[in-house]
Amino acid sequence: MTSQSPLAIEATGLVKVFGETRAVDGVDLAVRSGSVYGVLGPNGAGKTTAIRMLATLLRPDAGSARVLGHDIVEEADAVRSAVTLTGQLASVDEDLTGRENLILVGRLLGLKRARAKNRSTELLEAFGLAEAATKLVKNYSGGMRRRLDIAASIVVTPRLMFLDEPTTGLDPRSRNQVWDIIRMLVAGETTILLCTQYLEEADQLADGIAVIDHGKVIAEGTPGQLKASVGAGALHVRLLDPHQRPEAERLLTRDLGSAFLEPDPAALSVQCADADRGAEAIAGLTRAGVKIADFSLGQPSLDEVFLALTGHPAETEPSLETDAIEEEQPA
Amino acid sequence: MNMTTPDAATLGADEEAVRKAISSTARPPKASPLSAALSFGWRGMLKVKHVPEQLLDVTITPVMFVLMFTYLFGGAIAGSTGEYLRYILPGILVMSVLFTTVYSGVALNTDLTKGVVDRFRSLPIWRPAPLVGSLIGDSVRYLIAGTVIIVLGLALGYRSDGGVGGVLAALGLVVVFAFGLSWVFTTIGLVMRSPNAVMNAGFMGIFPVTFLSNAFVDPETLPAGLEAFVNANPISILVDAARGLMEGNPSVGDIGIVLATAAILTLVFAPLTTRLYQRA
Ligand SMILES: Nc1ncnc2c1ncn2[C@@H]1O[C@H](COP(=O)(O)OP(=O)(O)OP(=O)(O)O)[C@@H](O)[C@H]1O
Ligand SMILES: [Mg+2]
């Protein structure tokens, strides 16, 4: 309860209502200092709203939270002095260059002019943006924008970082770069609250995960616990011919257990922890004449997590914000 | 299981640099309110530097106004264009600069749709700094609009008894008033849903208020009811004050009222804008 608390974030009963929508509906969180905590949920689950309350951008309608020991309403300024926010829409100024963005943030944080300049050079070089330093950010690719965004968040080292879907819309290479940066940040002292739609991302980075849906925490635990409750992995198969899916479903259910039909009419998946058994099941499909476009053995998708936790797939709703980000593919 | 192994093309190469850049940078003392506001002013200037075309609306429109009023209406209203120019140049100065203030609201509304506002709002800075700073930057635009008018007026034969000092004082006074008035438009900019709506609402307000002043016609020629309105209109007082300064017979009373009005607008609308900005 005091600033000695080993908890970096302590939220109880947070609520935020927009008109009819209970965007966040009684969320409790406890995030240990120095850890990465993942908040996992589909579009519209309330992730961004929760993060914005914790970062003092929205006032909760009910409940309370302490961030690094400071009340988010009563001591908002103290909270702002110790945290940074990397928003879902990249929190950088598109009409300025990358360098100007970093200098601006440095100056606003109180760095002297020369120091702000040096610091911007240091960060641009470290994040592979030196060549693009004098280009306007609106001409950056999605991955460059994200890296600049994160750089802007660490001009002065924050004690806690909020990251809202840092890799949504990025290609695998850019995603890996962002993950690498996050891992290195954690190796420092920084605590990270990470919102994501991907179980794999939470699994790669987080020590603890809360799964939220409709503004409520529906499960909480370590990635290991969560995966154990879902099944360690899944075999994903995509067929050449969607008409063969019932046949494939029958065979996979026989070999591995109840198969799950994915939204893609040619795709299905089934829980499978064992690579050998997975390979045999694939061979079984081929022998039966089912044509396979591709298959992979990997982490359960968010849909499968939801299926396991709630018995129904995540009801995703179209989100303008996410759409906007997905459209900004690398130029 | 296909664990992701960062391929060689990722940050591997400059990992040392990243580590060094990340390794903690101590937090300096907070930026002072002035320094934070000026940083935002700098941001405004940079935008102009990157897209100089945006100065077109503060240069072309005033030029159009001067030419149109002088040559189109000059003969009809004052009998001669030279006489009329002398009467209306202060009025056009006021109108052009005040019209520019609407764009401050439009720009703020546009800003709000961008993610960068979240960063500004989550920084430990003096709360009004982003707004005060942008308006300081915008004041430079007001100054440009005003200067264009005056230079063009001089080129068309305007001569003032107030001399350079009087003209500069008038320009300064108009810009100070515009700074106060622009807080009204930033408030509107935060309440309306789209930049277009701000533009429409802004001009719907500023247009009649400017024309129903003594900027272009002598109020004595108007019907009694309208004359009373025109005389009470703060814009008329601003035009009178600017005229006085430019003609070399400044009215301390008028100037006082203008400065007081600007102060009151700022005191009422700046805190309102700041509150709305923090919540938006
Ligand atoms: N400013 C707002 N006004 C009205 N409704 C809002 C507002 N912000 C969010 N909502 C609604 O609150 C709910 C939660 O939104 P939120 O953005 O927090 O979800 P999210 O988990 O971040 O989703 P996504 O993955 O799409 O980013 C949604 O139904 C959304 O439409
Ligand atoms: Mg979101």
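Labels below follow one simple rule: chain letters A, B, ... track the order of the sequence lines, proteins then strands, and each chain is numbered from 1.
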Indicate yes or no: does [X] engage [Y] in a salt bridge with an N to O separation below 4.0 Å.
X: A:Asp164; Y: A:Arg52; result: no
X: B:Lys114; Y: B:Asp111; result: no
X: A:Asp93; Y: B:Arg119; result: no

Below 4.5 Å, heavy-atom pairs only: which of [options] has the largest tally toward chain B?
options: A:Val92, A:Leu136, A:Asp77; answer: A:Val92
options: A:Arg107, A:Glu100, A:Arg59; answer: A:Glu100
options: A:Leu109, A:Leu123, A:Leu185; answer: A:Leu109
options: A:Thr86, A:Leu96, A:Val155; answer: A:Leu96
options: A:Ala78, A:Pro158, A:Ala187, A:Ser153; answer: A:Ser153
options: A:Leu108, A:Leu85, A:Asp149, A:Thr56; answer: A:Leu108

Check each atom of B:Trp126 against the heavy atoms of chain A and say whether the ones under 4.5 Å are side chain, backbone, both or neither.
neither
A:Ser174 and A:Asp171: side chain donor to acceptor below 3.5 Å:
yes
Between A:Arg99 and A:Thr121, does any side-chain donor sit less than 3.5 Å from a side-chain acceptor?
yes
In terms of heavy-atom proximity below 4.5 Å to chain B, should [X] be classed as side chain, backbone, both, or neither?
X: A:Val105; value: side chain
X: A:Ala82; value: backbone
X: A:Thr190; value: neither
X: A:Leu104; value: both

Matching residue for A:Leu124 among A:Thr134, A:Asn101, A:Leu129, A:Thr97 - test: side chain to side chain contact (heavy atoms under 4.5 Å, CB included):
A:Leu129
Can you tell me if B:Ser96 uses its side chain to pair, donor with acceptor, with the backbone of B:Leu93 under 3.5 Å?
no
Side-chain heavy atoms of A:Arg175 within contact of A:Glu200, under 4.5 Å
yes
